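Shown next, in structure tokens, is the structure this report addresses.
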Amino acid sequence: MTKKWAAVAVVAALAAGLAASAEAKTLRMSVAGDASTMDPHANNAGNTTLILKQIYEPLIDRNQKLEKVPGLALEWSNPEPNTWRFKLRQGVKFHDGSPFTADDVVFSITRALAPTSDFKLYVNGIKEAKKVDDFTVDLITTAPNPIVPDGLPRVHIMSKAWAEKNSVQQPQNFRQKEETFAVRNANGTGPFSLRSREPDSKTVLARNTAWWGWSQQGAGNLTEIVFTPINNDATRFSALMSGEIDFVLDPPVQNLEALKRNPKIKVLEGPENRTLYLAMDQKRDELLYSNVKGKNPFKDVRVRQAVYHAIDAEAIKTRVMRGQSVPTGSMWTQFVNGYSEGNDKRLPLDRDKAKKLLAEAGYPDGFEVTFDCPNNRYINDEQICIAIAGMLAQVGIKATVAAQPFTQFLPKVQRTETSFYLLAWGVPTFDALYTLQALIRSKGEGADGSFNYGNFSNAKIDALIDGVKSELDLNKRRNMMIEALKLHNDEVGNIPIHHQMIPWAMASNVFAHHQAENQLDAKWVKVD
Amino acid sequence: MIAYIVQRFLQSVLVMAAVGFVAFSLFAYVGDPITIMLGQDYNETERARLAAQLGLDRPFYVQFFKFAVNAMQGDFGISYRLARPVSAVIRERLPATLELSLVAAILALAVGLPMGVYTGLRRDSWLSRVFLTVSLIGVSLPTFLIGILLILVFAVILGWLPSFGRGQTVMLGWWSTGFLTASGLKALILPSITLCLFQLTLILRLVRSEMLEVLRTDYIKFARARGLRDRAVHFRHALRNTLVPVITIAGLQLGAIIAFAIITETVFQWPGMGLLFIQSVSATDIPVMAAYLCLISFVFVVINFIVDLLYYVVDPRLRIDRGAVGGHG
């Protein structure tokens with residue numbers, strides 16, 4: 001089986017080589033970690049998506065401005081409240097040569113809905129997929145749902161026949177003691193096909209010359225991508241400096257200056273679609289980790305405001321992040337539907353006001369609290385926490401930073417064994433409901449309050465969020481989300497800090513488009 | 001004889017069991033693999049379902065017992081991170097580590113031994129002083145720093161050698177080797193130098209001090225008195241007698257080289273078991289971590305066992321007085 005695939009890949013590669021006027025355009029790229037699987041619906045993690053999105057395609061894609069554009073579906077509409085209809089692209093072939101039809105879409109959506117799927121959130125609210133004819137598919141929702149198209153760019157379409165032949169009808173399951181065929185093999189419709197894969201050391205993708213999109217304006221010229229994960233920061237940096245690697249998605253922040261000084265290397269910078277924020281335990285009657293007994297200072301909005309007023313996000317930007325952050329008052333970035341400039345205003349830095357608010361709340365001498373913080377998840381996360389603790393100390397709040405690896409930090413926070421913590425939240429759906437539901441709504445069913453570990457709760461905001469879920473008028477819906485965030489900001493439910501900037505570094509002959517999802521789209525990449 | 005071997009063997013088994021237990025219980029505190037596997041969006045029922053699938057909801061001793069029984073059959077379960085059987089993953093990574101360790105060990109012996117002899121014989125020459133000073137650096141600089149410095153000089157500044165990876169490999173059955181291609185051999189140079197430096201220094205200093213000691217003994221004086229040439233005295237009489245402890249130490253150090261390869265492999269992105277271990281730690285991939293620790297301790301135990309048996313062959317005193325055995329190994 002593998003041999004046959006190798007043969008197909010080689011033929012495709014040869015064809016690709018000829019098409020590109022016999023000149024190979026190889027991109028050798030690196031990030032810190034490898035994809036964990038080639039199964040398109042098993043692992044929703046950045047490193048996995050980075051490779052899979054070059055091989056597989058979604059029904060609806062996102063262009064360089066992150067707008068929704070036709071992928072495998074040419075057009076989509078909402079003819080009835082509970083039905084979304086998709087007209088499919090015709091003449092598309094999978095890498096093994098088999099034709100793409102409605103059966104594959106029905107199969108893939110159903111697979112993404114399976115219990116072992118890691119992509120359920122992107123097909124949230126879809127009850128089933130139905131074939132209308134060979135090139136028309138209906139997605140039936142449980143309730144009217146205006147944002148079905150927004151999740152679909154993350155749902156890759158795979159071949160039904162291929163999956164059945166190789167018995168991978170379900171996303172890979174950790175109960176199985178055997179490796180499934182889809183872990184190291186792939187068969188998509190996308191611009192690149194998988195030529196070879198050695199997990200953790202080398203993955204080679206070859207140009208799929210039959211891809212429908214190569215004639216589009218701005219399409220890239222790569223014939224091959226060699227993907228080599230390099231864990232060690234210094235080694236990854238050295239490999240780029242010595243010219244053994246052309247592109248690094250996550251150059252070490254401490255080496256950015258050296259990279260910028262090197263004329264053979266260029267650095268692209270842009271904000272990531274992710275927001276760092278502080279959360280506080282607002283439910284317990286007495287904080288778990290504080291010297292205040294018998295009451296919970298964070299229940300008092302004046303204390304939360306005081307913390308906010310004490311934080312100098314500009315100083316964090318200049319001193320800790322070396323300019324690589326966008327201080328914000330919003331819980332999501334400007335890329336997200338539901339963003340408004342009005343909500344992006346921070347409470348100003350005002351230490352006197354912070355002290356006054358603390359005194360009014362009954363803590364003239366401040367109080368002590370433990371500040372939980374990850375130390376290997378976000379750019380400079382531990383240093384940010386230390387800086388914040390220093391700022392809080394100036395108004396009398398003694399925050400003791402408890403920095404820990406993310407794999408220990410997150411379970412602790414998820415057990416709500418925390419009084420005060422730093423976390424970051426991205427919005428893969430580009431719709432603010434994702435954040436409102438997970439971080440701001442009170443704990444409830446499913447995604448409601450699923451990451452609201454501070455247990456912020458406000459009935460009026462909850463009602464607004466629940467209204468957003470079923471509101472079909474997109475304008476009205478957006479205004480409801482803006483209103484909900486405004487109420488949240490007035491109540492200081494969480495304290496946003498900044499959106500982190502993510503730099504990409506590449507050889508000067510590589511032309512790529514920076515993207516807020518921190519995913520390289522190789523189909524747009526050109527190498528001179 | 002039989003009793004001695006049985007006793008040694010039982011001790012080895014006990015050590016393995018203890019290592020297995022410590023490894024397994026440590027991992028109960030390194031973090032929560034489920035958090036890593038589920039990603040950001042999930043609910044409590046999903047969490048419970050996965051915990052039950054992986055057997056993580058069962059009491060600790062049940063988990064350990066199951067682990068021990070499977071491990072004895074070479075089954076370490078399935079990697080949480082790679083979704084493949086641990087034994088297959090380790091078998092894939094083993095050749096890279098063994099080839100690197102072997103080259104490093106040979107390099108350490110082939111360079112350390114002559115340097116040790118030379119510094120022992122010509123104690124006051126300037127070259128000996130250079131060797132000893134350099135060897136001091138070899139002992140005191142941490143491995144990762146040496147690796148990074150080598151990369152900086154030979155990959156970034158000079159551009160002669162690759163900074164990462166194994167180059168092109170060739171498959172001989174399931175064994176992937178880098179010995180048969182030019183890029184594979186080139187890729188070996190920097191990591192093997194980095195890895196061997198510490199052992200090289202150790203061997204150099206050991207040979208030197210043994211040589212100095214042997215040269216002071218009566219039979220060397222007697223050999224000189226017999227009018228033998230320096231060459232014969234130094235190499236036939238002196239060096240031979242220094243080799244017994246050197247070979248013992250070098251053998252034991254082979255285990256250390258394989259274990260120390262973790263750092264070298266991380267620095268050079270060498271796709272061996274050490275790198276696998278580090279990657280598994282960051283993903284809380286318990287089955288791989290446990291398998292790696294057990295494998296490494298198994299290597300140590302086996303080497304120690306063999307060394308103990310060799311002592312028995314070499315040292316006739318052990319055959320009479322078993323009580324003295326406790327001091328070794």
Side-chain angles (χ1 to χ4, degrees), chain A residues 30 32-34 36-37 39 42-45 115 118 120-122 124 172-180 183-184 198-202 228-232 234-239 241-245 376 404-412 414 425-426 428 434 438 445-447 450-451, chain B residues 29-43 46-47 49-50 52-54 75 77-85 88-89 92-93 96 144 147-148 151-152 154-159 161-166 169 176 266-271 275-276 278-279 281-284:
Chain A
S30 183
D34 199 3
S36 64
T37 176
D39 189 318
N43 178 234
N44 179 22
D118 204 14
K120 290 195 284 288
L121 83 114
Y122 301 112
N124 200 5
Q172 134 202 355
N173 181 339
F174 288 95
R175 186 181 218 158
Q176 286 165 339
K177 294 287 176 192
E178 293 291 323
E179 169 185 0
T180 72
V183 172
R184 276 188 295 165
E198 298 164 46
D200 286 338
S201 67
K202 193 167 150 191
T228 317
I230 302 179
N231 290 57
N232 188 290
T235 313
R236 200 162 62 252
F237 163 72
S238 303
M241 292 287 272
S242 66
E244 291 164 83
I245 289 286
N376 60 354
Q404 54 219 295
F406 194 68
T407 54
Q408 281 160 32
F409 166 83
L410 191 62
K412 183 172 189 284
Q414 288 180 327
W425 194 250
Y434 187 76
E445 289 291 303
S450 59
F451 268 74
Chain B
Y29 303 99
V30 290
D32 184 357
I34 295 180
T35 310
I36 307 291
M37 290 158 71
L38 282 178
Q40 287 210 318
D41 179 88
Y42 63 87
N43 54 35
E46 260 178 85
R47 189 187 173 79
R49 178 182 62 82
L50 193 57
Q53 273 184 14
L54 296 171
D75 174 13
I78 195 157
S79 158
Y80 298 162
R81 184 174 66 99
L82 298 166
R84 302 179 52 207
V89 173
E92 254 174 43
R93 304 303 192 84
F144 73 89
I148 298 280
I151 289 178
L152 182 68
F154 292 99
V156 177
I157 296 176
L158 296 173
L161 296 166
S163 58
F164 70 92
R166 259 188 110 187
T169 55
S176 66
T266 317
V267 171
F268 290 94
Q269 191 67 23
W270 190 263
L275 184 63
L276 175 70
I278 291 293
Q279 286 165 334
V281 168
S282 50
T284 324

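All figures in this text were calculated on a predicted structure; none of them were measured in a lab. Per chain, numbering begins at 1; letters A, B, ... match sequence-line order. Computation of the quantities below employed the complete heavy-atom set of this structure, encompassing side-chain atoms and omitting hydrogens, waters and symmetry-equivalent molecules.
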Exercise. Among T235(A), D34(A), D200(A), who wins on heavy-atom pairs under 4.5 Å with chain B?
Worked result: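 Of T235(A), D34(A), D200(A), D200(A) has the most heavy-atom pairs under 4.5 Å with chain B.
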
Exercise. With chain B, which of N231(A), I245(A), V183(A) has the greatest number of heavy-atom pairs at distances under 4.5 Å?
Worked result: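 If we count pairs closer than 4.5 Å to chain B, N231(A) comes out on top.
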
Exercise. Which atoms of R184(A) come close to chain B, meaning under 4.5 Å heavy atom to heavy atom: side chain ones, backbone ones, both, or neither?
Worked result: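 Side chain only.
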
For this session: Using a cut-off of 6.0 Å, state whether more than 12 heavy atoms not belonging to K202(A) lie near its atom NZ.
Result: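 It does not: K202(A) NZ has 12 such atoms or fewer within range.
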
Problem set entry | Interatomic spacing from CD1 in I148(B) to OG in S238(A) - rounded to 0.5 Å |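 Reported to 0.5 Å precision, the distance equals 6.0 Å.
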
Problem set entry | Point-to-point distance, once rounded to the nearest 0.5 Å, from CG of L152(B) to OG of S242(A) |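 Here the rounded value is 10.5 Å.
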
Options [options], ranked by heavy-atom pairs under 4.5 Å with chain A, top entry:
{"options": "P162(B), G159(B), G165(B)", "value": "P162(B)"}
{"options": "I151(B), V156(B), V89(B)", "value": "V156(B)"}
{"options": "L275(B), V267(B), I157(B)", "value": "V267(B)"}

Exercise. Do N232(A) and F144(B) have side chains that get closer than 4.5 Å, going by heavy atoms?
Worked result: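 With C-beta onward as the side chain, the pair stays apart.
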
Exercise. So T228(A) and Q269(B), side-chain hydrogen bond (donor to acceptor under 3.5 Å, both in side chains) or not? Walk me through it.
Worked result: CA-CA 9 Å; T228(A) 317; Q269(B) 191 67 23; over 6 Å; no

For this session: With a 4.5 angstrom heavy-atom cut-off, could you sort out which part of L276(B) is near chain A: side chain, backbone, both or neither?
Result: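 Contact with chain A is through the side chain of L276(B) alone.
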
Exercise. Hey, mind stepping through E244(A) and S163(B) against side chain to side chain contact (heavy atoms under 4.5 Å, CB included) and telling me if it holds?
Worked result: CA-CA 8 Å; E244(A) 291 164 83; S163(B) 58; 2.8 Å; yes

Problem set entry | Minimum-distance pair of heavy atoms, taken over all atoms of P199(A) and R93(B) |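 That closest heavy-atom pairing would be O-NH2, 3.7 Å.
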
